[in-house]
Amino acid sequence: MAGRPRSFDRDLALDAFVDVFWTHGYNGADVDKLQQSAGIQRGSFYAAFRDKPTAFLDALRRYMQYTLLPRLDMLEGEAGQRRELVEFLEAVGAFVAKQGNRGCMLSEALVQSSQFDPALRRQVRRIRSDLLRKLKRLSGGDEALASFALGSALGFHALARSGASKKQILAASSLAAKAIGQRR
């Protein structure tokens, strides 16, 4: 016997989940908040998303695809183009500053990843590795520079989450971008 057809739009539900996870972090987003945000019943949640870790990973991928990566097209630039690293830091700083204390959902996931179950932790860390690989390519293979760029971006998120002003976040991103631009 077939179950009832899905009575909600999965993409709209994922958009709602992105907002919940982005605002509250993984630990602050329970299944009840997720259901309520999407206007779906518990059974529908589990049928469509299996569990919270799967819903989180689906929401993170949606965030990356529709919110973050379109703003970071410089990551696809030519290898060894340090100006793209400068643009990356400026873009991340501007993006995080606009979000108020929410910061960046990816940064929040990276910061919280040690608290995830092993399977989710591996998935999130794979995303981090992919991002670091792109930054390393832009830096001409300079792993320290790529790590500095990623660490700076995570720092902008920490500033936002801790209540720093837009002006403070933009100043930090400008200084980090300037440091990368001046590195020999």
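Excluded from the calculations below are hydrogen atoms, water molecules and symmetry mates; all remaining heavy atoms, backbone and side chain alike, are included.
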Visitor: Is L135 reachable from L69 through a run of I, L, V, M, F, W or Y residues, each pair having side-chain heavy atoms under 4.5 Å apart?
Guide: yes
Visitor: Which pair of non-hydrogen atoms, one from E84 and one from G77, has the smallest distance, and what is that distance?
Guide: OE2-CA, 3.9 Å
Visitor: Taking atom CG of L138 and atom CD1 of I180, what is their separation to the nearest 0.5 Å?
Guide: 10.0 Å
Visitor: Less than 4.5 Å apart, side chain to side chain, heavy atoms only: is that true for D142 and F148?
Guide: no
Visitor: Looking at every non-hydrogen atom in both residues, tell me the closest pair between R125 and S113 and how far apart they are.
Guide: NE-OG, 3.4 Å
Visitor: Could you go through the side-chain contact (heavy atoms from CB on, under 4.5 Å) check for L110 and H157 one step at a time?
Guide: CA-CA 11 Å; L110 294 174; H157 167 74; over 6 Å; no
Visitor: State yes or no: do L12 and M105 share one hydrophobic cluster built from I, L, V, M, F, W and Y residues joined by side-chain heavy-atom distances below 4.5 Å, directly or via other members?
Guide: no
Visitor: Could you check whether any side-chain heavy atom of L145 comes within less than 4.5 Å of a side-chain heavy atom of R82, counting everything from C-beta outward?
Guide: yes
Visitor: Would you say Q115 has more than 12 foreign heavy atoms packed within less than 6.0 Å of its CD?
Guide: yes
Visitor: Does the side chain of K134 reach to within under 4.5 Å of the side chain of L72, using non-hydrogen atoms?
Guide: no
Visitor: Could you check whether any side-chain N or O of S147 sits under 3.5 Å from a backbone N or O of A144, counting only pairs where one atom can act as donor and the other as acceptor?
Guide: no
Visitor: Do V111 and L60 sit in one hydrophobic cluster, given that two such residues count as connected whenever their side-chain heavy atoms are within less than 4.5 Å of each other, even indirectly?
Guide: no
Visitor: Just so I know, are the side chains of R62 and D11 near enough to count as touching, which here means a heavy-atom distance under 4.5 Å?
Guide: yes
Visitor: Suppose the criterion is ring pair (Phe, Tyr, Trp, His ring centres under 6.0 Å): which pairs have a residue in residues 26-47, not counting sequence neighbours?
Guide: F17-F45, Y26-F56, Y26-F116, F45-F49
Visitor: Verify, without hydrogens or angle tests, whether S162 (side chain) and L159 (backbone) share a donor-acceptor contact under 3.5 angstrom.
Guide: yes
Visitor: Looking only at heavy atoms, what is the nearest atom pair of R42 and Q35, with distance?
Guide: N-NE2, 3.2 Å
Visitor: Is there side-chain contact between R161 and C104, with heavy atoms separated by less than 4.5 Å?
Guide: no
Visitor: Quick check: closest heavy atoms across Q112 and N27, and the distance to 0.1 Å?
Guide: OE1-N, 3.7 Å
Visitor: Report the distance from atom CG of L75 to atom CG of D130, rounding to the nearest 0.5 Å.
Guide: 11.0 Å
Visitor: Taking all non-hydrogen atoms of both residues, which atom of L89 and which atom of S152 are closest, and how far apart?
Guide: CD2-CB, 3.8 Å
Visitor: Between the side chains of K33 and D30, is the shortest nitrogen-to-carboxylate-oxygen separation below 4.0 Å, so that they form an ion pair?
Guide: no
Visitor: Is any side-chain heavy atom of L150 less than 4.5 Å from a side-chain heavy atom of R128?
Guide: yes
Visitor: Just list the side-chain donor-acceptor pairs under 3.5 Å for residues 168-178, sequence neighbours left out, or say none.
Guide:
residue: Q168; atom: OE1; partner: S165; partner atom: N; Å: 2.7
residue: Q168; atom: OE1; partner: S165; partner atom: OG; Å: 3.4
residue: S173; atom: OG; partner: L170; partner atom: O; Å: 3.0

Visitor: For T67 and W22, run side-chain contact (heavy atoms from CB on, under 4.5 Å): C-alpha distance rounded to whole Å, both residues' side-chain angles, the deciding distance at 0.1 Å, then the answer.
Guide: CA-CA 11 Å; T67 304; W22 194 354; 4.0 Å; yes
Visitor: Would you check if V18 and Y66 make a side-chain contact, meaning some heavy-atom pair closer than 4.5 Å?
Guide: no
Visitor: Indicate yes or no for a side-chain donor-acceptor contact from K52 to the backbone of A29 under 3.5 Å, with no hydrogens or angles considered.
Guide: yes
Visitor: Identify each donor-acceptor pair in which a side-chain atom of residues 94-103 lies under 3.5 Å from a protein atom, sequence neighbours left out, and give them as a table.
Guide:
residue: Q99; atom: NE2; partner: F95; partner atom: O; Å: 3.3
residue: R102; atom: NH1; partner: D19; partner atom: OD1; Å: 2.6
residue: R102; atom: NH1; partner: T23; partner atom: OG1; Å: 3.2

Visitor: Please report the shortest heavy-atom distance between A59 and L14, naming the atom on each side.
Guide: N-CD2, 3.8 Å
